[in-house]
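So the structure is just underneath, and the comments pick up after that.
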Protein chains: 2
Amino acid sequence: MDNNIHPKTHEKADKDTEYRIFEAARKVFHAKGLDGARMQEIADEAGINKAMLHYYFRSKDKLFGSIFEEDFKEFFKRLAELISADLPLLEKIEFFVENYLELILQNSYIPAFILSEIHHNPERIKNIFLEKGIKAEQIFMDDIKTAISLGIIRPIDPKQLIVNIIGLCIFPIVAKPILCTMLSFDEEGYRNFIEERKKEVARFVINSIKIN
Amino acid sequence: MDNNIHPKTHEKADKDTEYRIFEAARKVFHAKGLDGARMQEIADEAGINKAMLHYYFRSKDKLFGSIFEEDFKEFFKRLAELISADLPLLEKIEFFVENYLELILQNSYIPAFILSEIHHNPERIKNIFLEKGIKAEQIFMDDIKTAISLGIIRPIDPKQLIVNIIGLCIFPIVAKPILCTMLSFDEEGYRNFIEERKKEVARFVINSIKIN
DNA sequence: AAACAAATTAACCGTTTGGTTAATACAAAA
DNA sequence: TTTTGTATTAACCAAACGGTTAATTTGTTT
């Protein structure tokens, strides 16, 4: 499966200026955030004159906004796809955890980027959600309710369960530096730890909710 | 229990200039991050001339560093205290989840602040950990190993379990704006949701690991 | 090849930034 | 009261910032 979230955003050739700016800006914004990023650094990263950033994107905030919006939408589109898989609930959980962990592992900047920027400016997501209602989580919630009424899993608030599953996946990615320090992981140890989680998280969740 | 992480940092009177700068800086840095914060805004918040910030703390980075270090240490000191409670494992989990959730709820800026700033500069924590080895999590890991060998809980990697428990607590706090948007919470709905979690997370975890 | 529009650049601009300084107010010691 | 060290301020500064502009190159159309 192609897990790279950003293949060719603007459907333009690799040498296209706008595309190069976009990718350079993404890289810098991901690493340094809106306030920490410098327009000059983005221009240098793209190998292009700084004036071009404004020529194509008007302002720093507009440039940032278009990147944030695409990242956010793409990230939740992927989540929605996984969540909508046509599988029985327990298998879907296994499927989701494994693929979602791999997704955020291969785009490990994204979750911290989104959480961090939303924390500094919570308004930004509201405009994005207003445009296009992402209601895939409703499917998952219905799955859960059905499984409860069928006696497949114990009664549990579907919202709590969803937050549990997603949190178990995202947290160790977002908190990587702390985990590595506190649990004495080197890069390989950390990778193994996450690899283990692909099975462990599903096991952990299913163990908790399954009725024999 | 006094859950406010920052009662009187420098053990000085409320009107003390250094203390006022410190608290003003904390407030601004928490809300806007290192790069987004302005020295002038901190000075205004403290009701004090900007030159005083440099008089007491030399530079923006030093001021930020001292706040970050104190927040970080205090936060993990609290975590260590909870984790070291003298209780049987399953009761300790209940105790921990309830109190840890209350702690981060009452200091809700801290987790996102720490995660966000570490993401932008992972080096910063290393110096803090070098000073003072925080090894309270070892106690918890031993508890888990013992409980496994006694047949109280199923076999599970203690590190995975710890990350699960902490992640289940922290994630919904850090991701509050997204949760509120996606799950249609208003402020009260969100608070209820977290209040429910104080019992639900412990139930979820214990259900998953307990052997009848 | 002439004309025109789009893309690109170097140089520039006003503002804001973290930080400094020199002068002053304050308080305790002499 | 004079002295002395500390606390505080207004004014200032150089550098860095996001953004603009005017001129030039490039590519396309006629």
Side-chain angles (χ1 to χ4, degrees), chain A residues 8-70 113 116-117 120-121 123-124, chain B residues 8-70 113 116-117 120-121 123-124:
Chain A
K8 276 196 176 181
T9 308
H10 285 185
E11 306 294 346
K12 290 178 177 176
D14 276 25
K15 284 181 182 175
D16 178 69
T17 303
E18 189 176 338
Y19 176 77
R20 283 172 61 188
I21 294 174
F22 202 82
E23 290 307 304
R26 171 136 55 201
K27 192 173 168 182
V28 176
F29 280 134
H30 280 181
K32 310 202 169 178
L34 170 57
D35 295 319
R38 297 290 154 241
M39 294 297 267
Q40 188 60 59
E41 188 181 354
I42 294 171
D44 293 345
E45 177 74 33
I48 255 165
N49 189 285
K50 181 168 69 93
M52 300 307 286
L53 310 194
H54 296 95
Y55 183 79
Y56 284 105
F57 295 95
R58 305 267 303 264
S59 72
K60 187 190 188 185
D61 201 72
K62 288 254 174 48
L63 174 56
F64 178 85
S66 57
I67 286 165
F68 182 83
E69 182 173 338
E70 200 195 77
F113 172 69
S116 174
E117 296 303 331
H120 291 337
N121 183 2
E123 296 302 310
R124 212 178 285 270
Chain B
K8 275 197 176 181
T9 309
H10 284 186
E11 305 295 345
K12 290 178 180 177
D14 276 23
K15 284 181 180 173
D16 179 69
T17 304
E18 187 176 341
Y19 176 78
R20 282 172 62 187
I21 293 174
F22 202 83
E23 291 308 305
R26 171 137 54 203
K27 191 172 169 183
V28 175
F29 280 134
H30 280 181
K32 310 202 170 177
L34 170 57
D35 295 318
R38 298 289 155 243
M39 294 297 267
Q40 188 58 60
E41 187 181 355
I42 294 171
D44 293 346
E45 177 75 33
I48 255 168
N49 189 283
K50 180 167 71 93
M52 300 307 285
L53 311 195
H54 296 95
Y55 183 79
Y56 283 105
F57 295 94
R58 304 266 307 260
S59 70
K60 186 189 188 187
D61 202 71
K62 289 254 174 46
L63 174 56
F64 178 86
S66 57
I67 286 166
F68 182 83
E69 184 175 335
E70 200 196 75
F113 172 68
S116 174
E117 296 303 330
H120 291 337
N121 184 4
E123 297 303 311
R124 214 178 283 270

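The sequence lines fix the lettering, A, B, ..., with proteins before strands; numbering per chain opens at 1. All values reported here derive from a predicted model rather than from experimental measurement.
OP1 or OP2 of C:dG18 sits under 4.0 Å from a side-chain N or O of B:R38. Put simply, A:Y55 has no side-chain N or O that comes within less than 4.0 Å of OP1 or OP2 on C:dT8. Residue A:T17 places at least one side-chain N or O closer than 4.0 Å to OP1 or OP2 of C:dT8.
A:A37 comes within contact range of the sugar-phosphate backbone alone, with a heavy-atom separation under 4.0 Å but no base atom that close. Note on A:M39: only backbone sugar-phosphate atoms sit closer than 4.0 angstrom, heavy atoms only; bases stay farther off.
Atom pair B:Y56:OH and C:dG19:C1' shows a separation of 18 Å (rounding to whole Å applied). Rounded to whole Å, the distance from NZ on B:K60 to C1' on C:dT20 is 17 Å. At whole-Å resolution of the value, CG in A:D44 and P in C:dT9 are 12 Å apart. The separation between B:E18 atom CD and D:dT6 atom C1' is 14 Å, rounded to whole Å. For B:N49 and C:dG19, the CG to P distance is 15 Å, given to the nearest whole Å. Rounded to a whole Å, the CG atom of B:D35 is 11 Å from the P atom of D:dC17. What separates CG of A:L63 from P of D:dC17 is a distance of 16 Å, to the nearest Å. The nearest whole Å value for the distance from the NE2 atom in B:H54 to the P atom in D:dT6 is 21 Å.
A donor-acceptor contact under 3.5 Å links the side chain of B:K50 to the base of C:dG19.
Side chains of B:L63 and B:F29 form a contact here, defined as non-hydrogen atoms less than 4.5 Å apart. A heavy-atom distance below 4.5 Å is not found between the side chains of A:K60 and A:L53. Under the 4.5 Å side-chain criterion, counting only non-hydrogen atoms from C-beta, A:F22 is in contact with A:F57.
Of the two residues contacting DNA chain D, namely A:Q40 and A:A51, the nearest-nucleotide position lying further toward the 5' end is that of A:Q40.
Residues A:D35 and B:R38 are not paired through a salt bridge, judged by the lack of any N-O separation under 4.0 Å between the basic side chain and the carboxylate. For the pair B:E45 and B:K27, the salt-bridge criterion is met [side-chain N within less than 4.0 Å of a carboxylate O].
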